[in-house]
K.L.:
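First the structure, which I've put down as structure tokens, then a few questions once you've had a look.
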Amino acid sequence: MKLPKITVCADLVGCPNRCRHCWLGHTPNGTMTPDDLRTIASAFRPLAETLVVYDWYREPDFRDDYRELWDLCNELSDLPRDHFELMSVWRAVRDLNYVPWLASLGLKSMQLTIFGGRETTDRYTGRKGAYDDILACIEQLIEHKIAPRIQYFAFTDTVGELSHLEYLIDSLRLEERCKAFGGEFSCFVHGGSCDGAGEQLYGKRITIAELSQIPPRIAAYTLHHFGESDLQDVFGEPESALYARLLTDRSTDSFVEDEPVFYVDHKWDVYPNITATEPAWRLGNLRTDSAESIVRAYLQSRSLGQKTRLQTPLCEIVRAVGDPDGRGLFDEGDYVQYCLNRYVREKGGAR
């Protein structure tokens with residue numbers, strides 16, 4: 001058995017934040033070593049024509065030895081890795097060599113997340129001082145000619161603070177300062193998914209009526225980012241509309257892909273890159289199970305989450321846990337995942 005490509009991501013040290021929207025959930029931070037990463041890569045290598053290795057799947061570059069880990073992951077990977085336009089804000093303000101290092105990798109844009117003003121952003125990030133760290137980080141990025149891209153999550157208790165994003169754009173002169181070095185400032189607002197920690201925000205999803213609270217300027221930025229012409233195409237449909245339509249949908253589906261991504265947590269449990277690292281999605285443990293048996297479990301849809309989606313008609317899942325009167329806006333794929341996670345947890349999954 002050999003797949004065309006496997007990407008494996010190990011949660012070597014975890015995350016400094018406990019963001020309330022996080023689709024991966026709030027698992028404890030642990031400690032894994034570079035030798036552990038080598039062991040994980042060695043386990044999966046015989047199973048992939050091409051192997052790509054990352055030392056994180058929550059917060060990139062959170063460890064002090066981030067540069068050495070970058071080199072190690074490239075050594076263990078068969079292809080040059082993308083850094084992605086993601087960074088550790090926590091590290092940036094505690095290590096002044098970090099942003100210059102990002103610039104040395106050729107990164108031209110970097111995504112930052114806020115939820116409103118200082119108090120709201122700190123509360124949603126789950127860490128006091130997060131907002132001030134973001135402001136300091138913006139200055140570092142611009143100094144090193146990396147354009148910030150601000151992501152804003154709109155919930156019922158954050159959408160009213162979008163004027164603060166406009167204030168930041170103007171007071172920090174983000175458009176002009178990025179343009180001065182040939183960069184482009186951008187921002188966007190959306191509702192995020194409703195899995196992991198984000199499932200607890202189900203009751204805070206905005207409605208069609210609340211879309212009107214998004215300032216026209218921020219709406220324009222958002223539509224440009226997503227390539228859409230209407231905000232509802234970004235935020236999705238009311239749950240009631242999705243519920244009614246999916247009640248006639250008897251389809252099942254497979255999550256299996258030819259080039260899977262696997263997450264390995266600090267306990268060595270392995271999960272597919274589908275949703276939160278919860279028991280229903282666990283494929284095995286590299287301490288007790290071979291990588292081959294774990295990959296076979298994935299390919300044969302043996303995790304409870306995979307098995308349930310493969311065997312249970314979608315209409316049954318939605319009927320069991322959906323709300324026919326729900327007004328919150330969802331992308332259809334996010335709504336299906338939300339219902340599936342609730343179904344396997346509350347109804348026991350596949351029968």
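Scope of the values below: all heavy atoms of this structure, side chains included, with no hydrogens, waters or symmetry mates.
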K.L.:
Is R327 atom CZ crowded by more than 12 heavy atoms from other residues, nucleotides or ligands, each under 6.0 Å away?
P.N.:
no
K.L.:
So, K347 and E316, do they make that salt bridge, N to O below 4.0 Å?
P.N.:
no
K.L.:
Taking side-chain hydrogen bond (donor to acceptor under 3.5 Å, both in side chains) as the cut-off, I'd like each qualifying pair that reaches into residues 176-185, sequence neighbours left out, listed once.
P.N.:
E139-R177
K.L.:
For D331, give me all partners under side-chain hydrogen bond (donor to acceptor under 3.5 Å, both in side chains), at least two apart in sequence or on another chain.
P.N.:
none
K.L.:
Tell me the salt bridge (Lys or Arg N to Asp or Glu O under 4.0 Å) pairs involving residues 25-47, sequence neighbours left out?
P.N.:
D35-R38, R45-D78
K.L.:
Could you report the tightest heavy-atom contact between A291 and A43, atom names first, then the distance?
P.N.:
CB-O, 3.3 Å
K.L.:
Got a sec, which hydrophobics cluster with V13, joining ILVMFWY side chains under 4.5 Å apart, including via others?
P.N.:
F62, W90
K.L.:
Is any side-chain heavy atom of L47 closer than 4.5 Å to one of E292?
P.N.:
yes
K.L.:
Just verifying a value: how many Å separate M87 CE and C137 SG, rounded to the nearest 0.5 Å?
P.N.:
3.5 Å
K.L.:
Does C15 offer a backbone N or O that forms a donor-acceptor pair with the side chain of R18 under 3.5 Å?
P.N.:
yes
K.L.:
Going by the ring pair (Phe, Tyr, Trp, His ring centres under 6.0 Å) test, which pairs reach into residues 290-316, not counting sequence neighbours?
P.N.:
F262-Y298
K.L.:
Any side-chain to backbone donor/acceptor pair from T156 onto R205? Under 3.5 Å, distance only.
P.N.:
no
K.L.:
Would you confirm whether D122, through its side chain, and G129, through its main-chain N or O, come within 3.5 Å as a donor-acceptor pair?
P.N.:
yes
K.L.:
Name all residues meeting the side-chain contact (heavy atoms from CB on, under 4.5 Å) criterion together with D133; count only those two or more places apart in sequence or in a different chain, and write none if there are none.
P.N.:
V89, V93, R94, R127
K.L.:
First locate atom CG of L283, then atom CG of D289, and finally report the distance between them rounded to the nearest 0.5 Å.
P.N.:
10.0 Å
K.L.:
So, H21 versus F155, ring centres under 6.0 angstrom or not?
P.N.:
no
K.L.:
Are the side chain of T308 and the backbone of G305 linked by a donor-acceptor contact shorter than 3.5 Å?
P.N.:
no
K.L.:
Would K267 and D265 pass as an ion pair if we require N to O under 4.0 Å?
P.N.:
no
K.L.:
Rounded at 0.5 Å granularity, tell me how far CG in L168 sits from CD1 in I138.
P.N.:
6.0 Å
K.L.:
So which residues get pulled into Y338's cluster when ILVMFWY side chains under 4.5 Å apart are joined, directly or through others?
P.N.:
Y202, L242, Y243, L246, L247, L314, V318, F330, Y335, V336
K.L.:
State, yes or no, whether a side-chain contact exists between C194 and K204 at a heavy-atom distance under 4.5 Å.
P.N.:
no
K.L.:
Side-chain contact, heavy-atom cut-off 4.5 Å: L141 with V99?
P.N.:
yes
K.L.:
Between H164 and Y167 (judged by ring centroids, cut-off 6.0 Å), do the two rings come close enough to count as a pair?
P.N.:
yes
K.L.:
Decide if atom CZ of R250 counts as having more than 12 heavy atoms of other residues, nucleotides or ligands within a radius under 6.0 Å.
P.N.:
no
K.L.:
Between E210 and T207, is there a donor-acceptor pair closer than 3.5 Å when you use the side chain of the first and the backbone of the second?
P.N.:
yes
K.L.:
Calculate, to the nearest 0.5 Å, the distance between atoms CD and SG belonging to E59 and C22 respectively.
P.N.:
10.0 Å
K.L.:
Please answer whether the main-chain N or O of A147 pairs with a side-chain N or O of S109 as donor and acceptor at a distance below 3.5 Å.
P.N.:
yes
K.L.:
For the OH atom of Y152 and the OG1 atom of T222, what is their distance to the nearest 0.5 Å?
P.N.:
11.5 Å
K.L.:
For E237, give me all partners under salt bridge (charged side-chain N to carboxylate O under 4.0 Å, His left out), at least two apart in sequence or on another chain.
P.N.:
R245
K.L.:
Under the salt bridge (Lys or Arg N to Asp or Glu O under 4.0 Å) definition, can you give me all pairs with a residue in residues 2-15, not counting sequence neighbours?
P.N.:
D11-R58
K.L.:
Would you give the length of the straight line joining atom OG1 of T158 to atom CD1 of I206, rounded to the nearest 0.5 angstrom?
P.N.:
8.0 Å
K.L.:
Would you check if E68 and R63 make a side-chain contact, meaning some heavy-atom pair closer than 4.5 Å?
P.N.:
no
K.L.:
Does S42 use its side chain to pair, donor to acceptor, with the backbone of T39 at less than 3.5 Å?
P.N.:
no
K.L.:
Assess whether ring-ring contact (aromatic ring centres under 6.0 Å, His included) is satisfied between W281 and F255, documenting all intermediate values.
P.N.:
CA-CA 11 Å; W281 299 91; F255 288 105; 5.5 Å; yes
K.L.:
What I'd like to find out is whether the side chain of I134 reaches to under 4.5 Å of the side chain of T113, using heavy atoms alone.
P.N.:
no
K.L.:
Which residue pairs pass the salt bridge (Lys or Arg N to Asp or Glu O under 4.0 Å) test when at least one of the two sits in residues 79-91, sequence neighbours left out?
P.N.:
D64-R91, E85-R149, R91-D95
K.L.:
Report, one line per pair, each donor and acceptor closer than 3.5 Å where one atom sits in a side chain of residues 186-193; sequence neighbours left out.
P.N.:
from	atom 1	to	atom 2	distance (Å)
H190	NE2	Q151	OE1	3.0
S193	OG	D195	OD1	2.6

K.L.:
For C19, is there any backbone N or O sitting under 3.5 Å from a side-chain donor or acceptor partner on T125?
P.N.:
no
K.L.:
Listing request: all salt bridge (Lys or Arg N to Asp or Glu O under 4.0 Å) pairs with a residue in residues 161-173, at least two apart in sequence or in separate chains.
P.N.:
D170-R217
K.L.:
Do the two ring centres, one from Y57 and one from Y271, sit under 6.0 Å apart?
P.N.:
no
K.L.:
I'd like to know if E119 pairs up with R123 as an ion pair, taking the criterion as any Lys NZ or Arg NE/NH1/NH2 lying under 4.0 Å from an Asp or Glu carboxylate oxygen.
P.N.:
no
K.L.:
If you take the centroid of each ring, where Trp contributes its six-membered ring, are F115 and F153 closer together than 6.0 Å?
P.N.:
yes
K.L.:
Within the side chain of S77, is there an N or O that forms a donor-acceptor pair under 3.5 Å with the backbone of V53?
P.N.:
yes
K.L.:
Keeping D249 on the side-chain end and C315 on the backbone end, is there a donor-acceptor pair under 3.5 Å?
P.N.:
no
